[in-house]
Amino acid sequence: MSTLAENYPGEIKSILAKYPPDQKRSAVMALIYLAQREGGYVTKQALREIAEICEISTTDVASLVGFYSLYYDQPGGKYRLQVCTDLPCALRGAEQFLENLCENLGIKVGETTADGLLTVEHVMCLAACDKAPMFQVQSGEGLAYYENQTAESALELVGRLRRREAGKDGR
Amino acid sequence: MDAKYLLLRHREIPDINRLEVYRQHGGYQAFHKAVTAMTPAEVTAVVKASGLRGRGGAGFPTGLKWSFIDAHKWPHYVVANADESEPGTFKDREIMEGNPYQFLEGVAIAAYAIQANAAYIYLRGEFWQLAGQLDQRIAELEATGLLGDQLFGTDYSLRMYTHLGAGAYICGEETALLESMEGKLGQPRLRPPFPPSFGLYGKPTVVNNVETLANVPLIVERGADWYRTFGTEKSTGVKIFSLSGCVNKPGNYELPLGATFRELIFEHGGGIPGGREIKAIMPAGASSSLIVANQEALDTPMDYESVPNVGAALGSASVIVIDDSVSVPWLIRKTIHFFKHESCGKCTPCREGTYWMMHLTERIDSGQAGWEDVELLREVASQVRGKCLCALGEFSIEAVLSGIERFQSDFEARVQSKQIEGEPEPQAAG
Amino acid sequence: MAKLVTLTIDEKQVTVPEGTLIVDAAKKIGVDVPVFCYHPKMEPVGMCRMCLVDIGRPLRDRNTGELLLEPDGSPRIQFGPKLETACTTPVSEGMVVVGDADNVRRGRKDIIEFILTSHPLDCPICDKGGECPLQDLTMDHGPGQSRFIYDEKIHLAKHVPLGELIVLDRERCIQCGRCVRYQDEIVDDPVIAFHNRGRSLEIVTFSEPGFDSYFSGNTTDICPVGALTTADFRFEARPWELKSAASLCSQCPVGCNITFNVRREAKSGGNWVIKRVMPRQNEAVNEIWICDKGRFAYHYTESPERIKQPLVRKNGELTPASLEEALQVVAARLREAGEGLLTLASGRLSNEDLFNLRELTAGVGGKTGLYSQMGGGDLVAQVGVGKGTDFALMGPETAILVVASNLLEEAPIWWSRLKQAADRGARLIVVNPRPTKLDRYAAHTIRYPYGSETAAILALLNAISAKRPNLPESVQSLARAAELQAAAKTFADAQDAVVLYGSEGTSLAASQALAQACANLLIATGHIGRPNNGLLGVWSRANEQGAWDMGFRPLPDLQGAMKAARALYVVAADPARDDPLLAETGEFMVVQELFLTDTARLADVVLPVRAYTEREGTYTTGERRVQRFYPALPEPAGVKADFAISAQIGQLLGLELEGRSPARVMERIASQVPDYAGVSYNELAKVSEQWPIVGRGDLYYGGTSYENKQGLGVQLSSAAHRGETVTLGWPAWPEVKTAAGSLLAVPVTRLYDRGNTVLPSRLLHPRIGQPHVLMHPSNARELGVREGDTVQVTLNGSGNVVVARLDRSLPLDVVLVPRSMGLPIAGPVGVQVRVVERVAV
Ligand SMILES: Cc1cc2nc3c(=O)[nH]c(=O)nc-3n(C[C@H](O)[C@H](O)[C@H](O)COP(=O)(O)O)c2cc1C
Ligand code: SF4
Ligand code: FES
């Protein structure tokens, strides 16, 4: 398995450059995101490597992965559809929206589609309350918002993601 | 100055999120003026005089905070709080997307005022794309000489960096935010000491909300008296009200402090959909008490002094509107679920209290509870009060206690539904 | 001296130094403020919220600053809007603290009730039951019955091993964070941490092995519930069934005070057995901590391998005999041998044993020898640390120089105390051939090639003194290095300074020289004869300093001396095991031992002895503090203590030795060994109030470490301290030469080795690991050796098959050989390494 240092030497350098030289530990959060790029979650080896870079213990890195909800120590779907069902969105039908989405995908909240492509989750307020129903898509590459959604628009996106994957395999 | 907006200027000035356009409209004159023509103390004095108060929730006087910075310990830091995670709050995001340079200029001026050479912007992890944009803008500013070494030929230097959180509401609390920035668990610190004496890396630090900082350039450019022409005596200036929930036109509305709930909800927000009646208002997001939306409440000015008169606080001014289709037990079940999910777990009352209240609210809302459970819920909530290490735990009980007290009949209905078998659950709107 | 502040706590007045926390001020006057997360040895965090009190402060006039007064003239007190945490609030003048009031009681009840909502109700089967702060505080402050529906409790894993030594019960954890903070703040091993957040917070470890720390056991003492327990004691017994006996750890020169918990149990055939080792408070020695070796290695004392019957060699066979018979034989042979007698003993013995051995040996005109690879105990007696020395008192005014020692491995508790001294500002100077964990806290780190430790110290001396002995070129460049110059200055300028010398890479001769060089440095800079000044040897055995004080000296040519001896009397030592060359012995050998060791197997007579847990005695620590240990278990029938055996042999030889009791032997020691004048068992048993107060009714405060009621011991004064003149000596050190391109094997010390007093503890086997050597990866590459390969290591003419471990922090061209790990090594020596078997990859 190739290491972070091999894959992202440049990124690591610029991340560390943000903080005082004696505060390498501050880089840990950004490095965890980096480690999630490949598989969408943090492997044990990555934990060790991040610990080395930041000069802290592997346990301390793992502890952070557990604390923050955008970090994962287990693989999930390649794309995580995270629907906000917090109060303001719920007042605008987000729970219904989530239900429909799950029905259409034939999975329950928290589950992953058979093709391993999509995991559907509900999350807390995403600061888009005026554009509910809405969700974000988290993948190794990062996060994107999808606002003012309908069952249709959501399925359209799902279709796009599926075709994109198929295309990748095709090549 | 007849512009409609001070903060949401992108709504009338297209492309102000491009540096040259922002500069055509006076951008970075304030920063230039501060660095070249004012002492740090003078800058702080203007902001103090303007009466600007923190927009992050606590409403603490901004200039005063800056003046607390410990001048015996160096270096100093400015940290912009862009964690914006309070349910119902989405104003900082619009500023950073639509009018980013005014915010960044505000950060720069704050940094100069406390002589910080490094400023960090802590964004919630979900603002991942936004962070990318800000990184580019910061690079652009360095390229243009508006950030970097020896600015405007003085010996003042400033660097700016973004720092991305990773999904934790508690990291909006300033000391938890600092812990998080240091690569530790986002759990609040003991206070005192406060950030101006012991902040990032233990160094004197000013933490300010995005909206707070976005006000600063105009204040420095046009003066305290000009700023005081907006808002009320004690609550000066304008505020962005994030309007959400059961309204026709949810969104951000920039109004002078002191505008009434009625103006916001009915004039600007277009009233309640589906001909329903307004039932309650949460003026400060999920952390808010429930205000009974009677005439008196609707005519209450939205400023730091008046909102308490109707049993709530202005907080971050995230106004969630509740109509008569919503059952309060369902509502507090939602808010408690949020706080239980976000409790950092450091202190006992919040960690255990929110967990216990979650079980109680679930049973009550699903009609599985008797009145004694509602009583118990009230007691557990009161038991949390005043014992927590930070405000999150204290926030978690506001809706619960005000809900039970002010909307008792909703709870009675739920409790009775225990007997009546198979009664359909009242649904939330939409 | 901090300014004093007077306040009132529950109507009692107390005056304490400014900055004291309310919770501690209350403790001082016996007012109990319940706590869970607070611990007097750690920074307050205010997490658990159990310590709530009502705090009032005197009102002052805004303008004049004058106190506002009540009509009756007393200051007007204003109480806060809400209860505050006593563990985070420092005292202030005129403060009024109320704990004994309804609102406060309610507040505490509320917190307890919250904690109980997710705490299981399994006290009847919980190891902590009976000494559980949560249990006790629930009794005192808790609600009558739970209003939390049981089915809504979260249920979590109840048996989560955090490595082999510590077991976590997730349900019981109350998230006080004491364990996590101890590991981070006090011993800097952050190998456990909180995972998840909110109600799902749980302790995890991701180190390999799990909970990889030499101090992990201490977390079980400060855990306020039964969440953390030792794998050793788990489900073994209930605290109230246990009797306790005061004792000392027998593993290293720190001399940690401990308590053995013992009980008589059916499953052990109705015998008394040790159930666990607990720390016993001695703030000047181990505070309230012990290391895991001290906690888990005691099992050797109860090993079934122990010999209980004397053996005498009859027509080639070692055969059981009566003690009388055996002693007759021994007496006869010793008389014969006369000056041909060599008595070889180790620092595993008590002072009383060693003293009687010396008397016995002198009585027949023989010689004594100390079985050790370290020298310098005589110098420590002269310029050792002055009476009143205490690492806990060392701060910015003190320089601490550690040379040729991997202190964490050689004396873990000293390591942790030095680390904390450095945290307080003490200037640490680490002089070692390879990096060690102590470097992290060092003001100066100095590296020298293995074998040049003495030269490195002389280089320091040169840097500050006029006299300039010329140095071997191995350290010429080092001597010029700015870092060394700076370190020398730091040391010389410090008001107080101590030097600890260990045995990293040193032979006996080298160690002797090193000690002399260190002594010279201390004398030259005037750092002798005062508290917190002087020399310490990091000995490898608990009472090695005592052995020196009792007149035992290591023998330069041990092999020769053993061969030459007409009679060998080997006590508490196993030379044959450490080095095959030491297996050839003279005409007659008697071995006095716990086990049938390799040496014992070669003996003509073998005498069984009591373990130190079965008798009384004293050890002298590296800081030259004489301390008592008491019997924990009843004496085994027919087996005697060493001092008594010597006395009995003496009797047969018509010598008048004291054999009645160790206390009486100590009377003789006191009268004949000047340094020990005035030492008596009564003196040693004296105690005085220690801070923090632990081990009383309030285990929630300090944890389950035992209160010291049995004696803090007596610290001896060094010759220098008594004002006797001490003079510089010339250290002649053996030069270490290796043929170019060949590797040098050097001995190093590991905490967990395969010694007779460690190996019997099965629990530790995974940590002890296989016999191995360490080398730098690039040396390994040249030899085609990979991590984990089995290699043939040839040194001192003997080939040994061990595992190769690679470590890039090591210097080049050396092979580190851990002592007592199955390879014979007494000092630096040339070595060949070749691969025998590759690890599968
Ligand atoms: C639980 C909690 C969450 C908070 N979240 C935010 C937030 O998302 N954004 C913010 O600016 N302030 C937040 N605050 C307030 C900050 O602690 C701090 O008061 C503020 O950033 C100071 O900036 P200001 O004076 O400009 O308002 C939060 C406070 C608490 C207790
Ligand atoms: S109140 Fe909640 S969020 Fe704040 S410290 Fe306590 S547990 Fe953490
Ligand atoms: S909060 Fe004071 S003891 Fe835990």
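Values below: every heavy atom of this structure, side chains too, minus hydrogens, waters and symmetry copies. Proteins get letters first, then strands, A, B, ... in listed order; numbering begins at 1 in each.
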*Tell me the residues of residues 434-445 of chain C whose non-hydrogen atoms fall below 4.5 Å from those of chain A, in number order.*
none
*chain A heavy atoms under 4.5 Å from C:Leu201: which part of the residue, side chain, backbone, both or neither?*
neither
_Part of C:Glu208 lying under 4.5 Å from any heavy atom of chain A_ = side chain
*A:Lys44 versus C:Phe206: any side-chain heavy-atom pair under 4.5 Å?*
yes
*List for me each residue that meets side chain to side chain contact (heavy atoms under 4.5 Å, CB included) alongside A:Glu141, sequence neighbours excluded, and say none if there are none.*
A:Lys78, A:Ser139, A:Arg164
*Option that, when pairs with chain C are counted at under 4.5 Å, heavy atom only, ranks first among A:Ser57, A:Ser63, A:Ser69, A:Ala51*: A:Ser63
_Can you confirm whether A:Leu64 sits close enough to C:His195 that some side-chain heavy atom of one is under 4.5 Å from a side-chain heavy atom of the other?_
no
*Name the member of A:Thr59, A:Thr58, A:Asp60 that forms the most heavy-atom pairs with chain C at distances under 4.5 Å.*
A:Thr59
_Engaged part of A:Leu47 at the chain C interface, taking heavy atoms whose separation is under 4.5 Å_ = side chain
